[in-house]
Amino acid sequence: MGGLDIDKVRASFPSLRDGYIYADNAGGSQTAQQVIDNIVDYLSNTNVQLDGSVAAALLFNAASVDEVGYGHSATMVLENIARAMENDIKSGDEFIITEEHEANNGPWKRLAQRRGAVVKYWKTVPTSEDNPYSLSYRTEDLLSLISSKTRLLAITGCSNILGTIIPVDEIVRAVRQRAKEVGAPKVEFSVDCVAYAPHRRIDVQKWDIDYCVFSLYKVYGTHNAGFYVRTQALQASLSSIAHHFLAADDNPTKVQPGGPGYELVVPYLLSLTPENSLEASFDAIAQHERLLVQPLLSFLADKKQAPTISFVVIGQNAMKSKDIVAAFDKEGNIGIRYGHFYAYSLIANATPKLDPADGVVRISLVHYNTVEEVEKIVSLLTNVLEQ
C-alpha cells in the first residue's frame with residue numbers, strides 16, 4: 001500500500017491555496033473540490049432529491065442501503081432516534097453514557113427523563129499520577145456498570161477532546177458477554193463517529209452495533225449528517241416519527257422526517273490510493289496522520305491515537321486557553337480554538353477544576369495537514385508559552 005500524495009491531496013481543497021493552516025478540523029473540515037462541483041452540478045442541472053443511500057452504506061459498511069439515511073446534524077439524528085425509541089423503553093431501564101460530546105448524551109438523558117429510565121456514566125480516569133488531565137477510559141469501569149437492567153450503551157468512536165480512539169468492537173464484545181452473565185435481555189449500542197470518521201474507516205458490521213452517526217462536514221463534505229440503524233433495531237426498537245402515510249416499518253424513513261441534502265465525499269476518498277478502496281484510503285490517512293502527530297506530541301509530552309490534541313497550561317506560568325488562541329489569531333495564519341467543544345461535562349467535571357468557558361486548547365489535524373505545518377504550530381506555541 002502506498003502513502004498519500006500530499007500535493008494531490010491539498011490540490012483537492014481550494015481553501016488551502018492561500019497557505020492558512022487549518023488546525024481545528026475537529027470543528028469542521030475543509031470541503032473537497034469534488035463535493036463543491038457536485039453541489040454546483042446539482043443546483044444548476046437537476047435540483048431534484050436523489051437517493052444517496054449507496055454512498056452512505058459504503059461509508060458505514062452497512063449490510064443494506066435500507067439501514068442508512070440523512071439528517072440535518074448528528075445531534076438532530078440522535079434526538080430523532082431517541083424519540084422513535086420511546087415506546088420501547090420501560091421505567092427502570094438503564095442507559096450508560098460518557099461525558100463526551102452532548103450529541104450522544106442529551107437525547108438519551110431526555111429520553112430517560114421522559115420514561116423513568118436511569119442514566120449511568122462511564123467516566124474517564126487519569127493515566128498518569130503526574131498529569132491529572134491525562135484522561136482515558138478503562139473497560140473494567142464500564143463492565144462494572146452493566147446490570148440486568150442495562151438497555152443502552154452510548155459511546156464515542158473517538159473523543160473530540162482527548163483524541164482517544166475507542167476499540168468499539170472489543171468494547172461491544174465485552175459488554176455483550178457481561179450483559180449475558182447478568183441477565184440483561186436487550187442491550188443496544190449507539191456510537192457517535194463524528195470525531196472518528198475523518199480518521200478511520202467505520203465498520204458497523206464488524207462492530208456489531210445498532211446506531212451510528214457522523215457529520216459530513218467533518219469528512220470534507222457539507223453541513224449535514226449520515227446515520228445508520230441496524231435492520232433489527234428498525235423493526236423491533238423504533239416507532240415511526242415520519243409522516244403517518246409513509247410505509248416506514250423497516251427503512252430509515254422511520255427516523256428521517258423530510259429529505260435533507262447529502263453531498264458526499266466518497267469519490268474523493270476513493271481517489272486517494274491506487275487500490276480505489278476505502279480501506280486502503282483510510283489506512284493511508286492513518287499512516288500520514290501518525291507522522292503529523294509525532295512532533296506535536298513530542299512537544300506536549302503526551303500520547304494520543306488520533307491527531308486531535310487538547311491541553312491546558314497550569315502551574316507557575318499558567319495561561320488561559322483563550323489567551324493562547326488569541327496569540328495564534330494575532331499571528332494571523334494558524335487557526336486553533338479553545339472551549340469545551342460541546343463535551344461540557346468532560347471539562348466541567350475535570351479535577352483539578354477547569355472553567356468550561358475557557359476549557360482547553362484544541363489542535364486537531366487531518367490528512368491534508370503537513371508535517372511542515374505542525375512544525376510551524378510547535379514553533380509558535382513555543383514562543384507563546386515562553387512569553
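Members clustered with Phe227: Val77, Leu78, Ile81, Met85, Ile89, Phe95, Ile97, Trp108, Leu111, Val119, Tyr121, Leu152, Tyr211, Val213, Val229, Leu234, Leu238, Val255, by chain and number, using a 4.5 Å side-chain heavy-atom cutoff among hydrophobic residues.
Using cut-offs of 30° and 60° for the angle between ring planes, the Tyr228 and Phe60 rings count as tilted. The aromatic rings of His243 and Phe245 sit parallel to each other, their planes meeting at less than 30°, with 60° as the upper class boundary. A perpendicular orientation is assigned to the rings of Tyr268 and Tyr220, their planes being inclined by more than 60° (bins at 30° and 60°).
Atom CZ of Arg337 is separated from atom OG of Ser364 by 10.5 Å, given to the nearest 0.5 angstrom. Distance check: Ile363 CD1 to Ile336 CD1 gives 5.0 Å after rounding to the nearest 0.5 Å. Considering CD1 of Ile161 and CD of Glu99, their distance stands at 12.0 Å, rounded to 0.5 Å. Put simply, CD1 on Ile202 and SG on Cys212 are 5.0 Å apart, with the number rounded to the nearest 0.5 Å. Here the CG-CZ distance, from Asp88 to Arg115, works out to 9.5 Å after rounding to the nearest 0.5 Å. Taking CZ from Arg290 and CD1 from Ile285, the interatomic distance works out to 11.5 Å, rounded to the nearest 0.5 Å.
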Would you sort out whether Val182 and Thr150 count as a side chain to side chain contact (heavy atoms under 4.5 Å, CB included), showing the intermediate values?
CA-CA 10 Å; Val182 300; Thr150 300; over 6 Å; no
Are Val366 and Gln30 close enough, and set up right, to give a side chain to side chain contact (heavy atoms under 4.5 Å, CB included), and what steps lead you there?
CA-CA 10 Å; Val366 289; Gln30 301 307 296; over 6 Å; no
Check the pair Val360, Phe341 against side chain to side chain contact (heavy atoms under 4.5 Å, CB included), reporting the backbone distance first and the verdict last.
CA-CA 9 Å; Val360 298; Phe341 304 104; 4.1 Å; yes
For Arg83 and Glu79, what are the C-alpha separation, side-chain angles and deciding distance, and is it a side chain to side chain contact (heavy atoms under 4.5 Å, CB included)?
CA-CA 6 Å; Arg83 290 280 177 179; Glu79 183 65 36; 3.3 Å; yes
One pair to check against side chain to side chain donor-acceptor pair (under 3.5 Å): Asn104 and Ser190. What are the steps and the verdict?
CA-CA 8 Å; Asn104 201 24; Ser190 171; 3.0 Å; yes
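Heavy atoms from other residues, nucleotides or ligands lying under 6.0 Å from CD of Glu140 number more than 12. Crowding of Lys186 atom NZ: a count of heavy atoms from other residues, nucleotides or ligands under 6.0 Å exceeding 12. Other residues, nucleotides and ligands contribute over 12 non-hydrogen atoms within 6.0 Å of the CE atom of Met319.
The nearest pair of heavy atoms linking Pro126 to Pro132 is CG-O, 3.7 Å. Shortest non-hydrogen contact noted between Val172 and Ile209 is CG2-CG2, 3.8 Å. Across all non-hydrogen atoms, the minimal contact from Leu365 to Glu289 is O-OE2, 4.2 Å. Between Ala225 and Leu216 the shortest heavy-atom distance is C-CD1, 3.5 Å. Across all their heavy atoms, Gly221 and Val35 have their closest contact at CA-CG1, 4.1 Å. When all heavy atoms are compared, the tightest approach of Gln34 to Pro267 is OE1-CB, 3.1 Å.
No option in Lys120, Arg151, Lys149 other than Lys120 meets the salt bridge (Lys or Arg N to Asp or Glu O under 4.0 Å) test with Glu94. Between Ser237 and the options Arg230, Glu188, Gln232, a side chain to side chain donor-acceptor pair (under 3.5 Å) holds for only Glu188.
Between Asp283 and Thr273, every side-chain heavy-atom pair lies at or beyond the 4.5 Å cut-off.
Following chains of ILVMFWY side-chain contacts shorter than 4.5 Å, one cannot reach Tyr342 starting from Leu346, and the two form parts of different hydrophobic clusters. Criterion: ILVMFWY side-chain heavy atoms under 4.5 Å apart, direct or through other members. Under it, Met76 and Val194 are not part of a common hydrophobic cluster. Both Val219 and Leu58 sit in one connected hydrophobic cluster of ILVMFWY residues. Membership requires side-chain heavy atoms under 4.5 Å apart, directly or through other members.
The pair Arg201-Glu279 meets the salt-bridge criterion, since a charged nitrogen lies less than 4.0 angstrom from a carboxylate oxygen. Ion pairing between Arg178 and Glu181 holds under the 4.0 Å rule for side-chain N and carboxylate O. Under 4.0 Å is where a charged nitrogen must lie from a carboxylate oxygen, and between Glu373 and Arg10 at least one such pair does. Under the 4.0 Å criterion applied to side-chain N and carboxylate O atoms, Asp323 and Lys320 are not assigned as salt-bridge partners. A salt bridge is absent between Lys376 and Glu372; no separation between the charged side-chain nitrogens and carboxylate oxygens falls under 4.0 Å.
Side-chain atoms of Tyr20 come within 3.5 Å of backbone N or O of Gly335 as a donor-acceptor pair. Between the side chain of Arg176 and the main chain of Asp208, a donor-acceptor pair closer than 3.5 Å is present. Remark: side-chain polar atoms of Glu100 are not paired, donor with acceptor, to backbone N or O of Ser159 under 3.5 angstrom. When atom types are taken as modelled, the side chain of Ser215 and the backbone of Tyr217 share no donor-acceptor pair closer than 3.5 angstrom.
Checked against the 6.0 Å centroid criterion, the rings of Phe328 and Tyr338 do not qualify as a close aromatic pair. Under the 6.0 Å cut-off for aromatic ring centres, Tyr22 and Tyr368 do not qualify, their centroids lying 6.0 Å or more apart. Two rings, from Phe311 and Tyr133, have their centers 6.0 Å or more apart.
Judged by distance alone, the side chains of Asn61 and Asp203 do bring a donor and an acceptor atom under 3.5 Å apart. At a cut-off of 3.5 Å, with distance as the only test, a side-chain donor of Ser134 or Thr127 sits close to an acceptor on the other residue.
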